[in-house]
Student: 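Take this structure first; my questions come after.
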Amino acid sequence: MYKTGLYWLQHDLRIHDNAALLEASLNCEQLICLYCFDPAWFRQSRLNARSMGVVRRQFLNKALHDLGKELKSRGQRLIVMTADPVSAISVLIKNHDIDAVYRSHHVGVFETRQWHHLKVDFPRTVFHSVWTHTLFRPEQLPFSINDLPATFTDFKEFCETIAIDKPLAMPQWLAPPVKALTGLSHQTETDYGELIKGFGGEKTALDHLEQYFSSDLPANYKTVRNELDGWENSTKMSAWLACGALSPRKLVARLKRYETEQTANESTYWIYYELLWREYFQWYAQRYQHKLFKAEGINKQKISCCFYPERYQKWCNGNTPYPIVNACMKQLNQTGYMSNRGRQIVASCFVNELQLDWRFGAAYFEQQLIDYDVASNWGNWQYIAGVGADPRGGRHFNLDKQTATYDAEGHFIRQWKGEANPYPLDSVDAADWPIMPNKDE
């Protein structure tokens, strides 16, 4: 038993089925629950975007607000700070003689570096990283991480029959908080913006989960999953999964119950199939680490592209010659959300029609998406760009065909004002050469 522990929240903003929180609470006499908004998230990166935009920040504010209320009801409290997490945690470890630090395991490169930095700086403190963000634990996989299958199809064949752990029951009371923190000022977020229908924190996630599986929607999922708009045309659980307000194991348990009590068909299987894609990218990011952000991807695949600033800005703002792309991008900018089909369309346009470095598109998605997940986002962009797990070497979507298939009457394009820009794609003089990205970045 540790006297004082610290639980560092990142992408695990929930009480239910939270093995990291449970372990910390059971093994510590008192516990600090901390979430840090890293100031680096709000600074523009070398890829011309910030790690977190306004809409995603609002969504996380609401999730943290709900989590704070739930922790309070269980005898705990949530500390939310805007601070470099390594610096903040270092001060807390020193000032409060923290014996153990807990977190949900994170596959992100930067998050891993921060964790290792703390472990090196505080060798007498015990650090526990618990897997809560995935369906499987590492020991359940029938291969080592270094032998991760090269394609999703192979991964699925290995893993789709693995028994998934049942969601954990959580106690009504958690280890009490440290009464007074010293060395740091702290604040609780109070300004929460309203987003598209139904979004909030853990309670809203669990309510939506039950509502969705109390309807006929799961039995028809596959027939509507490629629609570009409409609340009921996908599960809409990705944002809660990304921030951890919903446990993936909880979702699978409810899906299996639906299949037992209602119906099991191709559509219900496809929900699990999509969760396996998410799972694959988690282990993909764990396996390849910094290669997730390399221009040449995981196989050192040479790409032919430039960074055309004008084309990039037109794509970001939905001002290209391609109406379906424009509509999708305006939807993203206003709501923080875009359908899976829309993401594939705009990413293909970015890479192929606009011939831009895929990393800039991935970084813009990171800034804008409320369901941003480092593994899924960067893994999917590598897939489209042909530098990742796609055995076909990339995907090029015919924009006219996609429009005819998914917006034949033009309703989606008109709704989001996606009409084509009548001016040429490029307006710079020939002498204004594009900027070539650094091949080593």
Side-chain angles (χ1 to χ4, degrees), residues 2-16 18-42 51-52 56-106 110-111 114-115 117-119 121-122 125-130 132-133 170-192 200-203 243-245:
Y2 303 113
K3 185 177 187 302
T4 305
L6 185 147
Y7 178 38
W8 177 16
L9 290 133
Q10 294 176 289
H11 58 355
D12 48 346
L13 306 185
R14 66 177 184 272
I15 300 296
H16 75 274
N18 192 330
L21 176 59
L22 179 61
E23 188 174 326
S25 183
L26 291 176
N27 291 291
C28 298
E29 294 180 9
Q30 55 182 359
L31 185 65
I32 299 169
C33 293
L34 174 72
Y35 183 91
C36 288
F37 281 101
D38 191 334
W41 295 346
F42 308 104
S51 292
M52 186 178 295
R56 185 163 149 236
R57 172 67 184 263
Q58 290 175 335
F59 175 74
L60 286 175
N61 281 348
K62 187 65 171 69
L64 288 163
H65 176 65
D66 289 359
L67 178 62
K69 290 195 298 184
E70 184 61 27
L71 284 170
K72 184 177 180 180
S73 74
R74 297 181 188 234
Q76 247 296 332
R77 84 168 174 268
L78 176 64
I79 306 302
V80 179
M81 302 184 62
T82 298
D84 167 51
V86 173
S87 299
I89 292 171
S90 297
V91 170
L92 290 172
I93 290 175
K94 293 174 183 176
N95 285 15
H96 296 278
D97 296 321
I98 289 172
D99 305 297
V101 178
Y102 292 82
R103 69 159 187 174
S104 169
H105 186 83
H106 205 301
F110 302 106
E111 292 80 3
Q114 290 173 330
W115 187 248
H117 188 168
L118 287 166
K119 291 174 72 174
D121 285 351
F122 299 97
T125 302
V126 179
F127 288 82
H128 298 275
S129 191
V130 184
T132 74
H133 198 63
M170 299 296 290
Q172 287 301 309
W173 292 96
L174 300 169
V178 173
K179 290 184 178 179
L181 297 181
T182 60
L184 292 174
S185 61
H186 63 271
Q187 63 178 8
T188 301
E189 301 295 332
T190 56
D191 184 20
Y192 307 102
E202 179 180 15
K203 183 181 184 302
C243 74

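Any value given below was found using the heavy atoms of this structure, including those in side chains, with hydrogens, waters and symmetry copies removed.
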Student: Minimum heavy-atom separation for Thr4 to Gln30, with atom names?
Tutor: OG1-NE2, 2.9 Å
Student: Give, for atom CZ of Arg14 and atom NE2 of His16, the distance between the pair rounded to the nearest 0.5 Å.
Tutor: 5.0 Å
Student: Is the side chain of His96 donor-acceptor paired with the backbone N or O of Val91 at a distance under 3.5 Å, no angle test?
Tutor: no
Student: Do you know the tightest heavy-atom contact between Ile93 and Phe127?
Tutor: CD1-CZ, 4.4 Å
Student: Would you sort out whether Glu29 and Lys3 count as a side chain to side chain contact (heavy atoms under 4.5 Å, CB included), showing the intermediate values?
Tutor: CA-CA 5 Å; Glu29 294 180 9; Lys3 185 177 187 302; 4.0 Å; yes
Student: For residues Val80 and His65, determine if any side-chain heavy atom of one lies less than 4.5 Å from a side-chain heavy atom of the other.
Tutor: no
Student: With under 30° as parallel and over 60° as perpendicular, where do the rings of Tyr2 and Tyr102 fit, or are they tilted in between?
Tutor: perpendicular
Student: Under the side chain to side chain contact (heavy atoms under 4.5 Å, CB included) rule, what do Ile15 and Leu67 come out as? Steps first, then yes or no, please.
Tutor: CA-CA 7 Å; Ile15 300 296; Leu67 178 62; 3.9 Å; yes
Student: To the nearest 0.5 Å, tell me how far His117 NE2 sits from Asp121 CG.
Tutor: 4.0 Å
Student: To the nearest 0.5 Å, what is the distance between CG on Leu26 and CG on Leu21?
Tutor: 9.0 Å
Student: Could you measure the distance from the CG atom of Leu6 to the CD1 atom of Ile98? Nearest 0.5 Å is fine.
Tutor: 4.5 Å
Student: Starting at CG of Asp38, measure out to CD of Gln10 and round the result to the nearest 0.5 Å.
Tutor: 10.0 Å
Student: To the nearest 0.5 angstrom, please state how far the SG atom of Cys33 sits from the CZ atom of Arg74.
Tutor: 12.0 Å
Student: Test of understanding: with ring-ring contact (aromatic ring centres under 6.0 Å, His included), list the residues that count as partners of Trp41, not counting sequence neighbours.
Tutor: none
Student: Can you list, pair by pair, the side-chain donor-acceptor contacts under 3.5 Å of residues 171-183, counting residues two or more places apart and other chains?
Tutor:
none

Student: Between the side chain of Ser25 and the main-chain N/O of Leu22, is any donor-acceptor distance below 3.5 Å?
Tutor: no
Student: Shortest non-hydrogen contact from Leu118 to Ser90?
Tutor: CD2-OG, 3.6 Å
Student: Nearest heavy-atom pair of Pro85 and Trp8: which atoms, and what distance?
Tutor: CB-CZ2, 3.5 Å
Student: Does the pair Arg103 and Trp115 meet the rule for a side chain to side chain contact (heavy atoms under 4.5 Å, CB included), with working shown?
Tutor: CA-CA 9 Å; Arg103 69 159 187 174; Trp115 187 248; 3.5 Å; yes
Student: Can you name the closest pair of heavy atoms from Tyr7 and Ser104 and give their distance?
Tutor: CE1-N, 4.4 Å
Student: Can you check side chain to side chain contact (heavy atoms under 4.5 Å, CB included) on Leu60 and Tyr35, steps first, answer last?
Tutor: CA-CA 11 Å; Leu60 286 175; Tyr35 183 91; 3.8 Å; yes
Student: To check you understand the geometry: which heavy-atom pair defines the closest contact between Phe37 and Phe42, and what is its length?
Tutor: CD2-CZ, 4.0 Å
